[in-house]
Amino acid sequence: MRILILGGTRFLGRALARLAVEQGHEVTCAARGVSGAVPAGARLVPVDRDDPDALVPLAGDGFDAVVDVARQVSHARHALAALADHVGHWSFVSTISVYADNTTPDQTAVDAPVLAAAPPDVDGPVGPDHRWYGECKVSIEQAVRQRVGVDRSFICRAGLIVGVEDPSDRFPYWVRRLAAGGEILAPGRPTDSVQFVDVADLASWLLHAAGTRLGGTYDGVGPAMTRADFLAGVAAGLDVADPALTWVDQDFLASHDVREWSGERALPLWVRLPESGGLMTRDARPALAAGLAVRPLSDTVRATASWMAAQPDAVRQGGLDPADEAAVLREWQAVRDR
Ligand SMILES: NC(=O)c1ccc[n+]([C@@H]2O[C@H](COP(=O)([O-])OP(=O)(O)OC[C@H]3O[C@@H](n4cnc5c(N)ncnc54)[C@H](OP(=O)(O)O)[C@@H]3O)[C@@H](O)[C@H]2O)c1
């Protein structure tokens, strides 16, 4: 295939470009090139998508497939205007942040309610909390379906993407924490759900979708697993035997200012239940039936740990600080011993 990646200079786009080159495809990436370089074997066409006509010169290149990771509505609209009539298949990487209901577990992409589209004066996510991110992705999904048609477009609503070159502090936190050993604070209950998708599996599925001209809207998530299985899988990938997990009740954590999901004082991949019970329980069966192949967690852990060791400066440090974790565990112990 001749494939055009609108992106390709970081994380998912770069993993996709790398895999596409490995599979023998002819790969062009259109990006500014400020986030990083494209992988060896891929061609970078330097463009700034703030320029509405930036992609027009690529219209005659005869691409079989486009994959867009846009977050800005105008970027996506201009790409569609320039290229939609000239390519065979269009994939858009969306997000499960498009969903309106994060509470109800086990929702499926086909009938789960989504947010309203972004208002006309909002073009992209705003501020540190990425306000309007989901709404902008809804707007882009609608534009893709309208301009390309549902049969030729693949809308892939990714869940948490993990693995090599992960720019977040989420999955790497648990790799680092299990590797460090000692008493480990495990949040919530062992049976709580954890869900994510390996970046390489997602890249592989995007290529499969382009190659088979898959149409439709899917969640790009692996099957949910329990947190006990998740932590055991991380330990297995690191060859850590019998990690010393101490399970701490979610209300106790909240009352000690331990935060959810990501960032300072947060325990990644942990959300409060039942309020956020829909976030990590999405129905993965349609994606698996449509070609998503999921590698064992231990493989994801090994690849992530190798990347973290090779490029320590690229890994964002975050989550609960070791001293804070120890303090919370001491207080939890004191409460339990009372
Ligand atoms: N990470 C997660 O857990 C997660 C979860 C759900 C969904 N997603 C979605 O998954 C996708 C992740 O994509 P990703 O990792 O490849 O990259 P990304 O973080 O979305 O990066 C954006 C890409 O677009 C390019 N870009 C940004 N501004 C540009 C401009 N003005 N002109 C031209 N190019 C521009 C960047 O390259 P340059 O800066 O070099 O130009 C980069 O390659 C996104 O669609 C995200 O919304 C992520």
Side-chain angles (χ1 to χ4, degrees), residues 1 3 11-13 15-16 18-20 22-23 25 65 67 69 89-99 101-102 104-114 137 141 144-145 150-164 166 170-171 174 191-234 236-237 269 271 276-304:
M1 277 187 296
I3 182 163
F11 195 34
L12 173 62
L16 176 65
R18 192 182 302 120
L19 186 64
E22 276 168 28
Q23 291 185 0
H25 302 297
V67 179
V69 298
H89 184 265
W90 197 283
S91 295
F92 172 56
V93 181
S94 188
T95 166
I96 60 166
S97 298
V98 297
Y99 291 114
D101 171 4
N102 290 323
T104 308
D106 305 320
Q107 295 178 68
T108 301
V110 284
D111 54 12
V114 297
K137 289 285 197 180
E141 289 189 3
V144 171
R145 286 191 204 98
V150 286
D151 294 343
R152 276 197 310 133
S153 63
F154 172 49
I155 308 285
C156 177
R157 293 174 177 158
L160 180 73
I161 308 173
V162 307
V164 173
D166 184 349
R170 295 171 293 201
F171 194 78
W174 288 111
T191 52
D192 292 345
S193 189
V194 173
Q195 191 172 41
F196 52 85
V197 62
D198 185 299
V199 66
D201 293 338
L202 196 56
S204 178
W205 192 35
L206 285 161
L207 284 178
H208 172 80
T212 58
R213 299 204 167 198
L214 177 66
T217 300
Y218 292 85
D219 286 333
V221 291
M225 62 181 73
T226 66
R227 195 180 312 283
D229 284 346
F230 171 70
L231 293 174
V234 176
L269 279 87
V271 289
S276 300
L279 273 181
M280 291 198 284
T281 57
R282 305 215 56 90
D283 182 1
R285 288 172 302 179
L288 298 170
L292 173 66
V294 176
R295 70 198 57 211
L297 171 56
S298 52
D299 288 0
T300 302
V301 171
R302 272 190 280 276
T304 308

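In this text the structure is predicted, and so the values were computed from the model without any measurement. Every heavy atom of this structure was used, including side-chain atoms; hydrogens, water molecules and symmetry mates were not.
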Sequence neighbours excluded, which residues qualify as side-chain hydrogen bond (donor to acceptor under 3.5 Å, both in side chains) partners of [X]?
X	value
T104	D101
E22	none
R157	Y99, E141
S97	T95

Please list all pairs meeting side chain to side chain donor-acceptor pair (under 3.5 Å) that have one or both residues in residues 283-293, counting only residues at least two apart or in different chains.
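Output for this query lists T108-D283, D283-R285.
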
Who are the salt bridge (charged side-chain N to carboxylate O under 4.0 Å, His left out) partners of D106, not counting sequence neighbours?
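Listed in chain order: nothing, the list is empty.
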
With sequence neighbours left out, write down each residue that passes salt bridge (charged side-chain N to carboxylate O under 4.0 Å, His left out) with R152, or none if nothing qualifies.
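Testing R152 for salt bridge (charged side-chain N to carboxylate O under 4.0 Å, His left out), a comparison that skips the adjacent residues, returns none.
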
Checking P296 now: which residues fulfil side chain to side chain contact (heavy atoms under 4.5 Å, CB included) with it, not counting sequence neighbours?
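Checked P296 against side chain to side chain contact (heavy atoms under 4.5 Å, CB included); matches are S298, D299.
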
What residues, two or more places apart in sequence or in another chain, satisfy side chain to side chain contact (heavy atoms under 4.5 Å, CB included) together with A228?
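If we apply the side chain to side chain contact (heavy atoms under 4.5 Å, CB included) test to A228, skipping adjacent residues, the hits are P190, T226, W247.
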
Sequence-distant partners of W205, ring-ring contact (aromatic ring centres under 6.0 Å, His included), two or more places apart:
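F154, Y218.
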
Which residues pass the ring-ring contact (aromatic ring centres under 6.0 Å, His included) test with F196, sequence neighbours left out?
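Per chain and number, F196 pairs via ring-ring contact (aromatic ring centres under 6.0 Å, His included) with F171, F230.
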
Among pairs that include at least one residue of residues 211-230, which meet salt bridge (Lys or Arg N to Asp or Glu O under 4.0 Å), considering only residues two or more places apart or in two chains?
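The answer is D219-R282.
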
